[in-house]
Amino acid sequence: MAYILSKILPLLIMPLGLSLTLLFVAVFSRKRKVIISSLLILWSFSTGIISSTIFQFVESPWKRRSINNAPLADAIVVLSGSLHPAPGADQIVEWSDPDRFTAGVQLYKATKAPRILFTGGVNPFYPALSPEGQIYIQEARLIGIPARALQTTPPVRNTAEEASAIKELIKNSDYPLSTRVLLVTSAFHMQRAKRLFEQQGLVVLPFPVDFKTKGKWAGSRWEDPLQWIPNASSLNLSTIALREMIGRIVYRAW
């Protein structure tokens, strides 16, 4: 029940949920200001200029680094959240975004750490889908990573469980007491993940990937006319960023 509530309740105060609530109120109140407020909220958070500004805030202060510039560590920790079940009788699992996995593998191949620790992310609403960590290990073996260098946690449902499970995995292995881990996750998620892993007594070396905002070297988003036009993709990005802000408040991870 707690898992369901954690996914549903935030939707009520997200741009789409809030806009629909205001429109529902407007049906009975017949107040034009309520309708205008609803449309302004929906329009604003559906533009790229707003969504990218919010994402720039949640991704701050992280910057994308090259693999060669990453520090040395005792282990590479790759968080779940990159796979989804594709339709079809063959039950193929596809990548939603492979950045976390590929960065973890590249860090290992660059000898930044002797092992990769995956987390076994699961969604209770998809019981037939294997924990992501198991799938990551299979994929890593296919590209030549030795089995002795790969481990995964038991099934976990959120970041707090991932941090606790990694701590237990390390405690039951031959790692040093003050284990330094290269933590690989999406940039917007890094601040919260870093705090939760540090609370488990780990020394965290952040390696953020999967950035949603563009580097200034690519050009100014303010000069891109498409950034001012509402679209579903920008609304989704705004929602992800706002949910992350709520997560930081809940876990006191600012």
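Computed from heavy atoms alone, side chains included, the values below leave out hydrogens, waters and symmetry copies.
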Is a donor from one side chain sitting under 3.5 angstrom from an acceptor on the other, for Thr213 and Gln56? no

Examine the side chains of Ser234 and Asn231 and answer whether a donor and an acceptor come within less than 3.5 Å of each other. yes

Please examine the side chains of [Y] and [X], heavy atoms only from C-beta on, and report whether any two atoms are closer than 4.5 Å.
{"X": "Leu83", "Y": "Glu94", "answer": "no"}
{"X": "Gln191", "Y": "Trp62", "answer": "yes"}
{"X": "Thr239", "Y": "Pro15", "answer": "yes"}
{"X": "Met245", "Y": "Ile54", "answer": "yes"}
{"X": "Ile137", "Y": "Arg141", "answer": "yes"}
{"X": "Leu107", "Y": "Ile67", "answer": "yes"}
{"X": "Pro85", "Y": "Gln91", "answer": "no"}
{"X": "Arg64", "Y": "Pro208", "answer": "no"}

For the side chain of [X] and the backbone of [Y], is there at least one donor-acceptor N/O pair under 3.5 Å apart?
{"X": "Arg195", "Y": "Arg252", "value": "no"}
{"X": "Thr102", "Y": "Asp99", "value": "yes"}
{"X": "Asn172", "Y": "Glu168", "value": "yes"}
{"X": "Ser44", "Y": "Ile41", "value": "no"}
{"X": "Arg248", "Y": "Val58", "value": "yes"}
{"X": "Ser186", "Y": "Phe188", "value": "no"}
{"X": "Lys112", "Y": "Leu72", "value": "no"}
{"X": "Ser38", "Y": "Ser19", "value": "yes"}
{"X": "Thr153", "Y": "Thr119", "value": "no"}
{"X": "Glu198", "Y": "Val203", "value": "no"}

Do any pairs count as a ring-ring contact (aromatic ring centres under 6.0 Å, His included) and have a residue in residues 98-122, sequence neighbours left out, and if so which ones? Trp95-Phe101, Phe101-Tyr136, Phe118-Tyr136

Scan for ring-ring contact (aromatic ring centres under 6.0 Å, His included) pairs involving residues 64-91, sequence neighbours excluded, and state none if there are none. none

In one Ile/Leu/Val/Met/Phe/Trp/Tyr side-chain cluster, 4.5 Å: [X], [Y]:
{"X": "Leu142", "Y": "Ile135", "result": "no"}
{"X": "Leu20", "Y": "Leu40", "result": "no"}
{"X": "Ile13", "Y": "Phe45", "result": "yes"}

If I take atom [atom1] from residue [X] and atom [atom2] from residue [Y], how far apart are they, to the nearest 0.5 angstrom?
{"X": "Leu205", "Y": "Leu182", "atom1": "CG", "atom2": "CG", "value": "5.0 Å"}
{"X": "Arg100", "Y": "Ser82", "atom1": "CZ", "atom2": "OG", "value": "5.0 Å"}
{"X": "Arg243", "Y": "His189", "atom1": "CZ", "atom2": "NE2", "value": "11.5 Å"}
{"X": "Lys31", "Y": "Ser37", "atom1": "NZ", "atom2": "OG", "value": "11.0 Å"}
{"X": "Glu162", "Y": "Thr185", "atom1": "CD", "atom2": "OG1", "value": "7.5 Å"}

Evaluate the criterion side-chain contact (heavy atoms from CB on, under 4.5 Å) for residue pair Ile145 and Leu150; output intermediate values, then yes/no. CA-CA 8 Å; Ile145 307 298; Leu150 302 169; 3.6 Å; yes

If the condition is salt bridge (charged side-chain N to carboxylate O under 4.0 Å, His left out), which residues does Glu139 pass it with, not counting sequence neighbours? none

Nearest heavy-atom approach of Glu59 to Ala187 is CG-CB, 3.9 Å

